[in-house]
Participant: 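There's a structure below that I have some questions on.
Just so we're on the same page: letters track the sequence lines, and every chain starts at 1.
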2 protein chains.
Amino acid sequence: MLPELKIQPLRYVITVVEEGSFHGAARRLHRSQPALSMAVRELEQRLGQNIFERGVKNRLTPFGEYCLPRFRDLIGQHDRLAKDVVNHANGRQGHIHLATVPSVASRIMPAFLARFLEQFPGLNISLHDENAFYVCQMVAHGEVELGITSLWQNDGELEYTHLFEDNIGVVCRQDHKLSAFKSLNWQSLQGEKLIGNGTSRLLMSTEAAEMVENSEFYISNMISLTAMLEAGAGITTLPRLAFPEHNENLCFIPLEDPGVVRRIGLVRAENRALSPAAQAMQAFVLQELQDKER
Amino acid sequence: MLPELKIQPLRYVITVVEEGSFHGAARRLHRSQPALSMAVRELEQRLGQNIFERGVKNRLTPFGEYCLPRFRDLIGQHDRLAKDVVNHANGRQGHIHLATVPSVASRIMPAFLARFLEQFPGLNISLHDENAFYVCQMVAHGEVELGITSLWQNDGELEYTHLFEDNIGVVCRQDHKLSAFKSLNWQSLQGEKLIGNGTSRLLMSTEAAEMVENSEFYISNMISLTAMLEAGAGITTLPRLAFPEHNENLCFIPLEDPGVVRRIGLVRAENRALSPAAQAMQAFVLQELQDKER
DNA sequence: CCACCTGATAAAAATTTCTTACCATATGAT
DNA sequence: ATCATATGGTAAGAAATTTTTATCAGGTGG
């Protein structure tokens, strides 16, 4: 019932009108003149009405006048669609949702995203910061396409690509007696008041587990934790990246004997394809962040 | 730069999504399954991104999710356009501007247009009534596509198709002494007060010309003319169709000796094509009004 | 009247689209 | 497990389409 119009002949019609002649349009479209003649006539036959007055000069028929603006519309829609779709396909347009642990979000992402957006100016980015467990969950549930985090557990749905390692160290006040050391082993912490935090689970598989479990405080919020440490309420362990580097009251001393590291990597859902924009970001992450210790 | 998308493959994509499988879509579209596979893949290659997840089950990729509603849009636009254009091409939709002389407008067009619109319900019609000269001018200038009128002069731009003839007669009051006659010749009008009107020019080429020129009054407006006649201020000549047939105070007596007729026909611009809707009306006019005397 | 436009036409070539026949894989029932 | 029966992918040839080349006919201006 409905004829299936093709974009091309409509474009021919419009170009003929704009150029005022089939020859001119053919030149502009890099086609031979008969190609246009035949395409236009085929269209006219399909519609059952002439678009061009087939007399002396090629004017539009009233039917042609009716059609022209509509053809223009459809072609406009088509071209806009094609542009948008191609931009998305190239990752030059789109919206990336990603999630990282807070330390990465605050210490790495600002500069990283700035560099990334320099290369891909059209992109929208939503950055969520959550703890490692929740980052993985968001990726698994499709709330975000990419996560940068340490792996909580590999339940098979997630694909992990290692980026870099982050050493765990002891954090205490500058005037604390431990601050004199360049590095520490586990034994030297005996007797200290250890404050647990969200990253303490990283010590659970080491000899330090018991001390962590016996710690009096557990503070998940970073700002509160910092305040407690500054008040001299005790010490804690943190990955270096999570240590507030510009804080002059606190210091970070690498822990060497148990030698614990947090492995940070890029996480994505295994069986879900990435949007082109996220593909671009994935490539950029691997190029810029992989194997760079800091 | 921009790829030229074709409607058909987009429709394939949407049907595959709706049916949930290539096979199902192929069945619905009366195509073989490889036709869809190849068309879709060709599209994907052209865009540089997969639309369908090529894994176990065919889900959409995120890119596909982005594309789908846009594809739907474009197809929707296309289908609406195709429907509108085809309806216009068939004369099932559109706007006809036509002009007729007042007598035709009031006596013929009402029933005629009712019958016409029964057959072509989607059409809009603008009916102008003007005198014969102006009807021709409107057609010549393209203000209307069709005119139903007597021809003012054939200046070559107009194509006239005869429809019917309309006899000129004398109009006077019922109690006028002429009202007794069944027909009249010119001589019997000597001594009467003749009121000129817009149609009097039809007598100019007959022996009655002199009397018309000497008439005291000339009234172009039909209502005023009727009132004058009813007041007994004189008599006039009119084509039968212009005579207000339900007026009980006036009567119409055919004029036989000079035997003047007004030729009414369909007028259109010779070198301008008609809109499909006007073509339909033209055919309907010829079928319904040609050679029917009234 | 002739050169030079215009668009139309026909036949062949090029390209695109579709079908047939076949393969590999996955799923569900026996 | 294995068999029937889905799924989608692949390749080769057929069919349809678009495009080009070459040519024609009509109109216009010098």
Side-chain angles (χ1 to χ4, degrees), chain A residues 2-47 49-61 63-64 68 71 75 78 82 156 270-271 273, chain B residues 2-47 49-61 63-64 68 71 75 78 82 156 270-271 273:
Chain A
L2 286 190
E4 182 98 344
L5 306 178
K6 290 174 208 129
I7 299 292
Q8 181 126 306
L10 306 189
R11 211 185 284 281
Y12 287 176
V13 168
I14 283 174
T15 311
V16 168
V17 171
E18 286 176 358
E19 290 289 321
S21 81
F22 281 61
H23 276 91
R27 266 191 301 280
R28 210 174 89 189
L29 293 163
H30 308 294
R31 288 281 125 77
S32 65
Q33 166 263 314
L36 304 207
S37 278
M38 295 171 91
V40 170
R41 194 137 52 78
E42 204 277 340
L43 177 63
E44 291 178 330
Q45 278 172 354
R46 207 199 299 231
L47 298 178
Q49 285 283 336
N50 283 356
I51 290 166
F52 290 102
E53 202 94 68
R54 290 315 161 103
V56 184
K57 258 313 184 214
N58 67 49
R59 291 203 318 278
L60 286 167
T61 59
F63 178 65
L68 195 69
F71 288 176
I75 289 178
H78 165 276
E270 194 163 58
N271 50 9
Chain B
L2 286 190
E4 181 98 343
L5 306 178
K6 289 175 209 127
I7 299 293
Q8 183 124 306
L10 307 190
R11 210 186 284 281
Y12 287 177
V13 168
I14 284 174
T15 310
V16 169
V17 171
E18 286 176 355
E19 291 288 321
S21 81
F22 281 62
H23 275 91
R27 265 191 300 281
R28 211 174 90 188
L29 293 163
H30 308 295
R31 289 283 125 80
S32 65
Q33 166 262 314
L36 303 209
S37 276
M38 294 170 90
V40 169
R41 193 136 52 78
E42 204 278 339
L43 177 62
E44 290 178 331
Q45 277 172 356
R46 207 196 303 225
L47 298 178
Q49 284 285 335
N50 283 356
I51 290 166
F52 290 102
E53 202 93 70
R54 290 316 162 100
V56 184
K57 257 307 180 222
N58 66 48
R59 290 202 321 277
L60 286 166
T61 59
F63 178 64
L68 196 69
F71 288 176
I75 289 179
H78 165 276
E270 194 162 59
N271 50 9

Participant: From CZ of B:Arg59 over to C1' of C:dA26, roughly how many Å is that when rounded to an integer?
Facilitator: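 Distance check: B:Arg59 CZ to C:dA26 C1' gives 16 Å.
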Participant: Let's see if you get this right: which residues in residues 17-38 of chain B place a heavy atom under 4.0 Å from DNA chain D?
Facilitator: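 Those residues are B:Ser21, B:Phe22, B:His23, B:Gln33, B:Pro34, B:Ser37.
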Participant: Partners of B:Phe22 by ring pair (Phe, Tyr, Trp, His ring centres under 6.0 Å), sequence neighbours excluded?
Facilitator: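 Partners of B:Phe22 by the ring pair (Phe, Tyr, Trp, His ring centres under 6.0 Å) criterion, ordered by chain and then number, come out as B:Phe52.
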Participant: Taking all atoms of both residues into account, what is the closest heavy-atom pair of B:Ala35 and B:Tyr12, and its distance?
Facilitator: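 Heavy atoms of B:Ala35 and B:Tyr12 come nearest at O-CE1, 4.4 Å.
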Participant: Please tell me if the side chains of A:Phe71 and A:Val17 come closer than 4.5 Å, counting only heavy atoms from C-beta onward.
Facilitator: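 No. Closest side-chain heavy atoms not under 4.5 Å.
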Participant: D:dG9 P sits how many Å from B:Gln45 CD, rounded?
Facilitator: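 So the CD-P distance, B:Gln45 to D:dG9, works out to 12 Å.
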Participant: Using heavy atoms to find the nearest nucleotide of DNA chain D for B:Arg41 and A:Glu42 separately, return the residue whose nucleotide is more 5′.
Facilitator: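 Final value for this comparison: B:Arg41.
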Participant: Where along residues 2-13 of chain A does a heavy atom come under 4.0 Å from DNA chain D, residue by residue in number order?
Facilitator: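 A:Lys6, A:Gln8, A:Tyr12 - these, ordered by number, are the residues of the stretch whose heavy atoms sit under 4.0 Å from the strand.
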Participant: Side chains of B:Phe63 and B:Leu47, heavy atoms from C-beta outward: is any pair under 4.5 Å?
Facilitator: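 Touching, per the 4.5 Å side-chain cut-off.
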Participant: Rounded to whole Å, how long is the line connecting atom CZ of B:Arg54 with atom C1' of D:dT10?
Facilitator: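 These atoms are roughly 13 Å apart.
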Participant: For the helix from C:dC1-D:dG30 to C:dT30-D:dA1, how many degrees between its two end axes (five pairs per end), to the nearest 10°?
Facilitator: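 Rounded to the nearest 10 degrees, the bend comes out at 20°.
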Participant: Between A:Val40 and A:Val13, is there a side-chain heavy-atom distance shorter than 4.5 Å?
Facilitator: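 Result yes, sub-4.5 Å side-chain heavy-atom pair found.
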Participant: Between B:Leu60 (CG) and D:dG8 (P), how many Å, whole number?
Facilitator: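 B:Leu60 atom CG is separated from D:dG8 atom P by 13 Å.
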Participant: Scan residues 9-18 of chain B for pairs that pass salt bridge (charged side-chain N to carboxylate O under 4.0 Å, His left out), counting only residues two or more places apart or in two chains.
Facilitator: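 Qualifying pairs, neighbours excluded: A:Glu4-B:Arg11, B:Arg11-B:Asp79, B:Glu18-B:Arg28, B:Glu18-B:Arg72.
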Participant: If I compare all heavy atoms of A:Pro9 with all of A:Ala39, which pair ends up nearest, and what's the gap?
Facilitator: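 Shortest heavy-atom separation between A:Pro9 and A:Ala39 comes out as CB-O, 4.4 Å.
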Participant: With sequence neighbours excluded, what pairs up with A:Ser37 under the side chain to side chain donor-acceptor pair (under 3.5 Å) test?
Facilitator: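 Partners of A:Ser37 under the side chain to side chain donor-acceptor pair (under 3.5 Å) test: A:Gln33.
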Participant: Indicate the atoms forming the closest heavy-atom contact of A:His78 with B:Pro3, along with that distance.
Facilitator: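 Looking at all heavy atoms of both residues, the shortest contact is CE1-O, 3.9 Å.
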Participant: Within a strict 4.5 Å, meaning less than it, do heavy atoms of the B:Leu68 and B:Ile51 side chains meet?
Facilitator: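 They are not in contact (no side-chain heavy atoms under 4.5 Å apart), so the answer is no.
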Participant: Using side-chain heavy atoms (C-beta onward) and a distance below 4.5 Å, is A:Glu42 in contact with A:Met38?
Facilitator: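 Not in contact.
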